Undergrad: 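My structure is below; once you've seen it, I'll send some questions.
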Amino acid sequence: MIIQRASSFQRALFTSFEKKVGPRYFTAPALTSAQPSTYRDYESRDIFDWDNLGFKLIQTDYMFMTKSSQNGNFEKGKLNPYGNIELSPSAGVLNYGQIPPAGKGSLYIRPLLIGNGPILGIAPAPEYTFIVYACPVGNYLRNGTQPLTLYVEEEHHRASQGGAGGVKAITNYAPVIKAIQEAKEKGYSDVLYLDSVNKKYIEEVSAANIFLVKGKNISTPIASGTILEGVTRKSIIDIAHDLGYKVEERLIEADELFSADEVFCTGTALGVAPVGSITYKNKRINYKVSSDLISEQLNSRLVAIQKGIIEDKRGWIIEIK
C-alpha cells in the first residue's frame, strides 16, 4: 500500500512536470509528436544534467501535504504548490505570550533560534531566524507548588556521550516523550534518567536539573556533555555558595537517593521545586517537605534577587529601557 501510494505521488509529480515544462526543469529538447509523453517514458529520459546535479535543493512545482492528530491517523492529503509552510512560534518542532498579579503567574519569555533556510543535505542552514515571544503562564506544574514525584527510568535514556545532551535543542526532548507519558499514566510528575553507559548515575529530569542535599552539602550531576547546564542550575549553585553551603558537581549514583535528606529540581520554567518522592527499583523514597527546606531558602533568595528586593551583586539583572 505504501509503495502504491508513493508511486501515485511520483506519477502525479511527473504529470505536473508534463503540464509545466520549462527550462528550469528539463535539459532535454522540447517534446514533439514523435517523442513519448507518458510517465513511464520519463523514467529513462535525461531531464537533468545528472553529471553536474550534486546533492542540493532544486525547487520543483509541487509538494504533498497531509496532517495527523495524536492518534496517528492522517487526513486525506493533497498536492500543493511548493512553498513555505506556516508554523506557530510555539509549534512543538520549534520548542518542544501582561504582567500578572503578584504570585499568580509569570511572563514567560521564550527565545528560539531556527535554521529556516532551505537545504536538503546535512549541513549548516544557509539562513537562521531568531525569535523572542512572550506568554503569560501559570505554574509549570499542574498541581501548583506540590512536591514532585519522580520515577527513575532504567530503560529509556535521554542522552548519550558524544551527542547533543548538553545543548538546548529539540533533540533533547524527543527521546523523553514516551517515558514521560508512561510515568504520568502511573501517577508520577516526571522522570529521572540514568546515564546510558553505566546505567547507575543519575543525570537529570526530562526538562530540569536535579540536586541532592545531605547535611550542609549539596550535590548535582556534573555537566559532562549529557546534561544541560541550565541558567537556573548555575544561579542556584552560585547562591548556595553565597549562603555558605558546599556544592559538588560530580557523578552521583542512583543508590545515593536512598540516603539524601532532601532533593529538588531546577529549571527555567520550573524554578526551584522540591521533590516529595522518588521511585527507584520499585522502592518509593519519601523526602521531608516543610518550609525550612534548603531548596525553599535558595528559591526565596533567587526570587528576591529577580524582584530587586535583594541587591544583585553578580550582574544578573539588566534594566530594559
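Everything numeric here is computed off the predicted structure, so don't read it as measured data. Basis for what follows: all heavy atoms, side chains included, without hydrogens, waters or symmetry-related copies. Here, residue 1 is the first one in the sequence, and each next residue gets the next number.
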Undergrad: Within the side chain of S189, is there an N or O that forms a donor-acceptor pair under 3.5 Å with the backbone of T149?
TA: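 Answer holds: yes.
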
Undergrad: Could you grab the distance from atom NZ of K246 to atom CG of N217, nearest 0.5 Å is fine?
TA: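 Spacing of NZ (K246) from CG (N217) equals 5.5 Å.
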
Undergrad: How would you list, by chain and number, every residue that makes a side-chain contact (heavy atoms from CB on, under 4.5 Å) with H241, sequence neighbours excluded?
TA: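 side-chain contact (heavy atoms from CB on, under 4.5 Å) list for H241, sorted by chain: I237, V247.
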
Undergrad: Side chains of V191 and V205: closer than 4.5 Å at any heavy-atom pair?
TA: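 They are not in contact (no side-chain heavy atoms under 4.5 Å apart), so the answer is no.
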
Undergrad: One pair to check against side chain to side chain contact (heavy atoms under 4.5 Å, CB included): K214 and E256. What are the steps and the verdict?
TA: CA-CA 10 Å; K214 185 68 175 178; E256 294 185 48; over 6 Å; no

Undergrad: Would V231 end up clustered with L228 when hydrophobic side chains under 4.5 Å apart are linked, directly or stepwise?
TA: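 Result: no, two separate clusters.
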
Undergrad: Any chance you could lay out the salt bridge (charged side-chain N to carboxylate O under 4.0 Å, His left out) test for D242 and R314, step after step, and finish with the verdict?
TA: CA-CA 11 Å; D242 292 343; R314 294 181 177 272; 2.8 Å; yes

Undergrad: Testing the basics here: between I202 and A254, what is the closest heavy-atom pair and its distance to 0.1 Å?
TA: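 Closest approach of I202 to A254, heavy atoms only: CG2-CA, 3.8 Å.
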
Undergrad: Write down the atom of V263, the atom of A260, and the distance for their closest heavy-atom approach.
TA: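 Looking at all heavy atoms of both residues, the closest pair is CG2-CB, 4.1 Å.
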
Undergrad: Among I218, L293, V303, exactly one meets side chain to side chain contact (heavy atoms under 4.5 Å, CB included) together with L298. Which residue is that?
TA: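 In the set I218, L293, V303, the residue that makes a side chain to side chain contact (heavy atoms under 4.5 Å, CB included) with L298 is I218.
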
Undergrad: How many angstroms lie between atom CG of D190 and atom CD1 of I278, to the nearest 0.5 angstrom?
TA: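 Rounded to the nearest 0.5 Å, the CG-CD1 separation comes to 11.0 Å.
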
Undergrad: Are I305 and Y245 connected, step by step, through hydrophobic side chains (Ile, Leu, Val, Met, Phe, Trp, Tyr) whose heavy atoms are closer than 4.5 Å?
TA: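 I305 and Y245: one cluster.
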
Undergrad: For the OH atom of Y151 and the CG atom of N282, what is their distance to the nearest 0.5 Å?
TA: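 Nearest 0.5 Å value for the OH-CG distance: 6.5 Å.
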
Undergrad: On the 0 to 90° scale, with breaks at 30° and 60°, tag the F211-F264 ring pair as parallel, tilted or perpendicular.
TA: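 Parallel: the ring planes of F211 and F264 meet at under 30°.
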
Undergrad: Report the C-alpha separation of L150 and I210 in whole Å, then their side-chain angles, then the decisive distance to 0.1 Å, and conclude whether the side chain to side chain contact (heavy atoms under 4.5 Å, CB included) test is met.
TA: CA-CA 11 Å; L150 303 181; I210 190 166; 4.2 Å; yes

Undergrad: So, R158 and E204, do they make that salt bridge, N to O below 4.0 Å?
TA: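 So R158 pairs with E204 through a salt bridge.
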
Undergrad: If hydrophobic clusters are built by linking Ile, Leu, Val, Met, Phe, Trp and Tyr wherever their side-chain heavy atoms come under 4.5 Å apart, do I252 and V152 end up in the same one?
TA: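 Per the 4.5 Å side-chain linkage, I252 and V152 are co-clustered.
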
Undergrad: Look at the side chain of K199 and the backbone N and O of S196, then say whether any donor-acceptor pair between them is shorter than 3.5 Å.
TA: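 Confirmed, K199 side chain pairs with S196 backbone.
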
Undergrad: Kindly indicate, with the supporting measurements, whether the criterion side chain to side chain contact (heavy atoms under 4.5 Å, CB included) is fulfilled by I227 and N209.
TA: CA-CA 8 Å; I227 295 174; N209 297 110; 3.5 Å; yes

Undergrad: Indicate yes or no: does E249 engage R233 in a salt bridge with an N to O separation below 4.0 Å.
TA: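 Yes.
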
Undergrad: Is there side-chain contact between I236 and L302, with heavy atoms separated by less than 4.5 Å?
TA: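 With C-beta onward as the side chain, the pair touches.
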
Undergrad: State, to 0.1 Å, how close S206 and Y193 come at their nearest heavy-atom pair, and which atoms those are.
TA: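 So the minimum-distance heavy-atom pair works out to OG-OH, 3.1 Å.
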
Undergrad: Could you state the interatomic distance from CG (D255) to NZ (K200), rounded to the nearest 0.5 Å?
TA: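 D255 CG to K200 NZ: 9.0 Å, rounded to 0.5 Å.
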
Undergrad: Take Y280 and E154 through the side chain to side chain contact (heavy atoms under 4.5 Å, CB included) test and state the conclusion after the steps.
TA: CA-CA 9 Å; Y280 176 48; E154 299 182 73; 4.1 Å; yes

Undergrad: Should the heavy atoms of other residues, nucleotides or ligands under 6.0 Å from CG of D292 be counted, would the total exceed 12?
TA: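 Yes.
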
Undergrad: Look up atom CD in E153 and atom CD1 in I180, then write down how far apart they are to the nearest 0.5 Å.
TA: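 Here the interatomic distance stands at 10.5 Å.
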
Undergrad: Test of understanding: clusters of I, L, V, M, F, W, Y form through side-chain heavy atoms closer than 4.5 Å, transitively. Do L212 and L148 belong to the same one?
TA: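 Linked within one cluster.
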
Undergrad: Are V275 and L257 linked, directly or through other ILVMFWY residues, by side chains that come within less than 4.5 angstrom of each other?
TA: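 Both belong to a single hydrophobic cluster.
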
Undergrad: Considering non-hydrogen atoms only, spot the tightest contact between S295 and E262 and give its length.
TA: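 Where S295 meets E262 most closely, the heavy atoms are N-OE2, 2.8 Å.
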
Undergrad: Distance check, rounded to the nearest 0.5 Å: H157 atom NE2 versus T226 atom OG1?
TA: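 Answer for the NE2-OG1 pair, H157 versus T226, is 11.5 Å.
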
Undergrad: If a pair satisfies salt bridge (Lys or Arg N to Asp or Glu O under 4.0 Å) and one of its residues is in residues 296-306, list it, with sequence neighbours excluded.
TA: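 Applying salt bridge (Lys or Arg N to Asp or Glu O under 4.0 Å) to every pair that reaches into residues 296-306, excluding sequence neighbours, yields nothing.
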
